[in-house]
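Values below: every heavy atom of this structure, side chains too, minus hydrogens, waters and symmetry copies. Not measured: the values here are computed from a predicted model. Order of the sequence lines sets the chain letters (A, B, ...), proteins ahead of strands, with each chain counted from 1.
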There are 2 protein chains.
Amino acid sequence: MYGVTARQERESDGVAYGGSGDPRRSIELLWGVPPRRKRGPKPRLSVADIRQAGVALADAEGLAALSMRRVAAELGVSAMALYTYVPSKAELIDLMLDGVYAELPTGDVPGEGWRDRLATLARENRALLEWHPWLLSIAMSRPVMGPGVIAKYDRELRAIDGIGLDDIEMDSVLTLLIGYVQSAVREGLAAAGAERSTGMSDEQWWAAYQPAFDAVLDPAGYPVAVRVGSAAGAAQGGAYHPGRAFEFGLARVLDGVAALIQRRR
Amino acid sequence: MYGVTARQERESDGVAYGGSGDPRRSIELLWGVPPRRKRGPKPRLSVADIRQAGVALADAEGLAALSMRRVAAELGVSAMALYTYVPSKAELIDLMLDGVYAELPTGDVPGEGWRDRLATLARENRALLEWHPWLLSIAMSRPVMGPGVIAKYDRELRAIDGIGLDDIEMDSVLTLLIGYVQSAVREGLAAAGAERSTGMSDEQWWAAYQPAFDAVLDPAGYPVAVRVGSAAGAAQGGAYHPGRAFEFGLARVLDGVAALIQRRR
DNA sequence: CCGTCACTCCGTACATCGTACGGTGTGCGG
DNA sequence: CCGCACACCGTACGATGTACGGAGTGACGG
């Protein structure tokens with residue numbers, strides 16, 4: 001049984017990674033339990049070095065460019081050397097995820113009421129995802145239970161603790177909010193990223209497609225789509241600020257939460 | 001410049017696909033413009049055959065298992081033969097996406113008011129994503145402008161046309177709703193899929209991790225996370241129906257939309 | 001009627017991936 | 001100071017997408 005085969009069975013839907021090896025080892029890795037080595041040559045690297053190199057590479061070139069060989073090269077070491085620190089690429093990605101979460105602030109979320117605080121949380125999460133877009137490509141098949149992830153979860157929960165929701169509702173509201181932010185950022189990055197990677201701006205792309213498109217499309221068949229689609233397209237192409245769409249959706253989500261809180265009182 | 005390299009540059013964040021080749025060719029492919037071939041041997045396959053084989057494979061084994069060689073094998077043909085029908089794997093995926101959308105109903109969404117109709121839409125989208133989980137692994141760098149995608153967009157817009165929102169708001173509300181459904185399904189499938197692929201149930205997994213986890217975690221450091229996390233975990237492990245979480249978030253989103261509509265009047 | 005040529009299909013080749021395996025060298029504990 | 005635990009590396013394998021060139025097929029132009 002060789003590498004790729006085994007891994008692909010586990011990644012059955014494209015980008016699934018997650019604690020898949022020995023649980024104890026994974027946890028120790030995430031929490032930085034010092035390795036108990038005595039004899040032998042001094043290690044040239046540390047797990048943190050590898051994590052940082054991985055993050056830097058993913059930040060610069062995306063998750064697809066993150067290969068063990070590339071990371072190793074960045075550190076001046078052979079690919080296989082990494083496996084003395086990290087059991088597999090999947091655990092490395094877990095480490096990277098937890099690592100960027102761990103750099104987030106840990107103090108109480110500032111804000112007057114829950115709505116202010118949730119909005120701040122949403123904007124912070126948005127900034128994080130825009131800084132590390134590869135986070136969106138990680139599908140966690142199991143939660144990564146590292147210190148960064150848990151600290152983030154705790155801080156976010158504290159922002160809505162004691163406002164009248166029960167524990168399960170708190171978790172659900174947070175899931176809803178974070179899910180919204182991920183959707184919105186995914187949407188936004190798709191457009192921006194496509195421009196960079198295809199070398200065509202939105203206008204250029206549309207100019208290239210439109211003739212072929214008009215040749216096949218019967219506008220009468222999709223009346224509303226054509227009307228709204230062109231309005232939405234114009235809005236996005238025009239002076240419509242990208243942050244506007246984000247704030248619009250955010251306001252809706254928060255309104256929904258407000259209705260829940262009101263009902264609970 | 002070889003294949004994988006070129007593609008990876010384009011897929012800079014993991015799973016990006018989308019119209020990347022000749023626009024005219026892509027559109028004709030999507031809309032099924034008949035190829036104008038005269039001479040030569042009769043083609044053994046059709047684009048539709050290839051699309052269907054791809055969908056079947058992705059349904060059964062996920063996007064990661066979708067390789068040109070596998071699809072070709074399924075059709076009793078060599079890998080390279082596919083390239084006479086489809087310019088690249090990226091366009092095949094576009095075709096698959098548009099194809100499953102095209103199988104959706106096209107009539108008006110049933111329901112008394114906008115809220116009913118949006119809820120129906122959400123549940124339909126949820127069913128679609130659970131049936132074809134690989135849809136969640138496709139990151140569209142550009143919209144796929146095929147007949148299925150446009151028909152779906154049109155039908156969904158018609159469900160909220162004329163209820164007091166302007167065109168841009170209609171588009172935004174739909175984006176919000178679909179984004180919510182994607183988040184929720186992603187969440188739900190992650191748990192279910194992990195169980196299948198790691199061969200451990202949630203309880204088994206947790207039982208394996210908990211000892212190592214408790215050894216490193218200081219509960220006092222993350223008071224709210226520990227409290228809420230265990231409550232949420234118990235709820236999910238207990239008799240808490242999976243659809244419950246979906247309906248909870250959906251109700252919040254619809255409440256948010258309701259607030260918007262009310263304000264517009 | 002036959003030769004031409006567009007067209008379908010295939011075999012091979014390349015760069016790249018994750019990682020299993022076995023070997024080499026290093027430096028601390030006995 | 002010897003032995004062993006450990007860090008590190010080279011090589012190899014089965015995958016991947018797809019470029020390239022060759023082989024066979026069948027309808028049209030002459």
query: Counting any heavy atom closer than 4.0 Å, what does A:T84 reach on the DNA or RNA strands: base, sugar-phosphate only, or nothing?
result: base
field: Closest to side chain of A:A81, choosing from D:dG17, D:dC8, C:dC10
entry: D:dC8
task: Say whether A:D59 and A:W134, considering side chains only, have a donor N or O and an acceptor N or O under 3.5 Å apart.
output: yes
- prompt: Looking only at side-chain N and O atoms, does A:R44 come under 4.0 Å of OP1 or OP2 in D:dC9?
  reply: yes
- prompt: Is any side-chain N or O of B:Y83 closer than 4.0 Å to OP1 or OP2 of D:dG17?
  reply: no
query: Does any N or O donor sit under 3.5 Å from an N or O acceptor when you compare the side chain of A:R69 with the base of C:dG18?
result: yes
- prompt: Are side-chain N/O atoms of A:N125 and A:Q182 paired as donor and acceptor at under 3.5 Å?
  reply: no
message: Output the rounded distance in Å from CD (A:E91) to P (C:dG18).
response: 14 Å
- prompt: Once you round it to whole Å, what is the distance between C1' of C:dT19 and CD1 of A:I50?
  reply: 15 Å
query: B:K42 NZ to C:dC9 P: how many Å, rounded?
result: 13 Å
- prompt: Going by an N to O cut-off under 4.0 Å, is there a salt bridge joining A:E61 and A:R70?
  reply: yes
message: So B:L92, base contact, sugar-phosphate only, or nothing? Heavy-atom distance under 4.0 Å.
response: nothing
- prompt: If you pin B:G40 and B:S78 to their nearest nucleotides in DNA chain C, which one's is more 5'?
  reply: B:G40
query: Side chain of B:P41: nearest nucleotide among C:dT19, D:dT25, C:dC28?
result: D:dT25
message: Between B:Y153 and B:Y101, is the ring centroid distance below 6.0 Å?
response: no
message: Consider side chain to side chain contact (heavy atoms under 4.5 Å, CB included). Of A:V149, A:L95, A:L97, which one does A:L30 pass it with?
response: A:L95
query: Starting at CG of A:L82 and ending at C1' of D:dG10, how long is that distance when rounded to a whole Å?
result: 15 Å
task: Identify, between A:M80 and B:A79, the residue whose nearest nucleotide on DNA chain C lies closer to the 5' end.
output: B:A79
statement: When rounded to whole Å, the CG to P distance for the pair B:D49 and C:dT8 reads 14 Å
- line: Rounded to whole Å, CD of B:E61 lies from P of D:dA15 at a distance of 13 Å
statement: From the candidates C:dA6, D:dC4, C:dC10, the one with an atom nearest any side-chain atom of A:R39 is D:dC4
task: Remember a base hit wins even if backbone is also touched, and classify A:S67 as base, sugar-phosphate or nothing at under 4.0 Å, heavy atoms.
output: sugar-phosphate
message: Any base atoms under 4.0 Å from B:L66, or only sugar-phosphate, or nothing? Heavy atoms, all strands.
response: sugar-phosphate
field: For atom CG of B:L63 and atom C1' of D:dT16, their distance in whole Å
entry: 14 Å
- request: To the nearest Å, give me how far apart CG (B:L75) and P (C:dC9) are.
  value: 11 Å
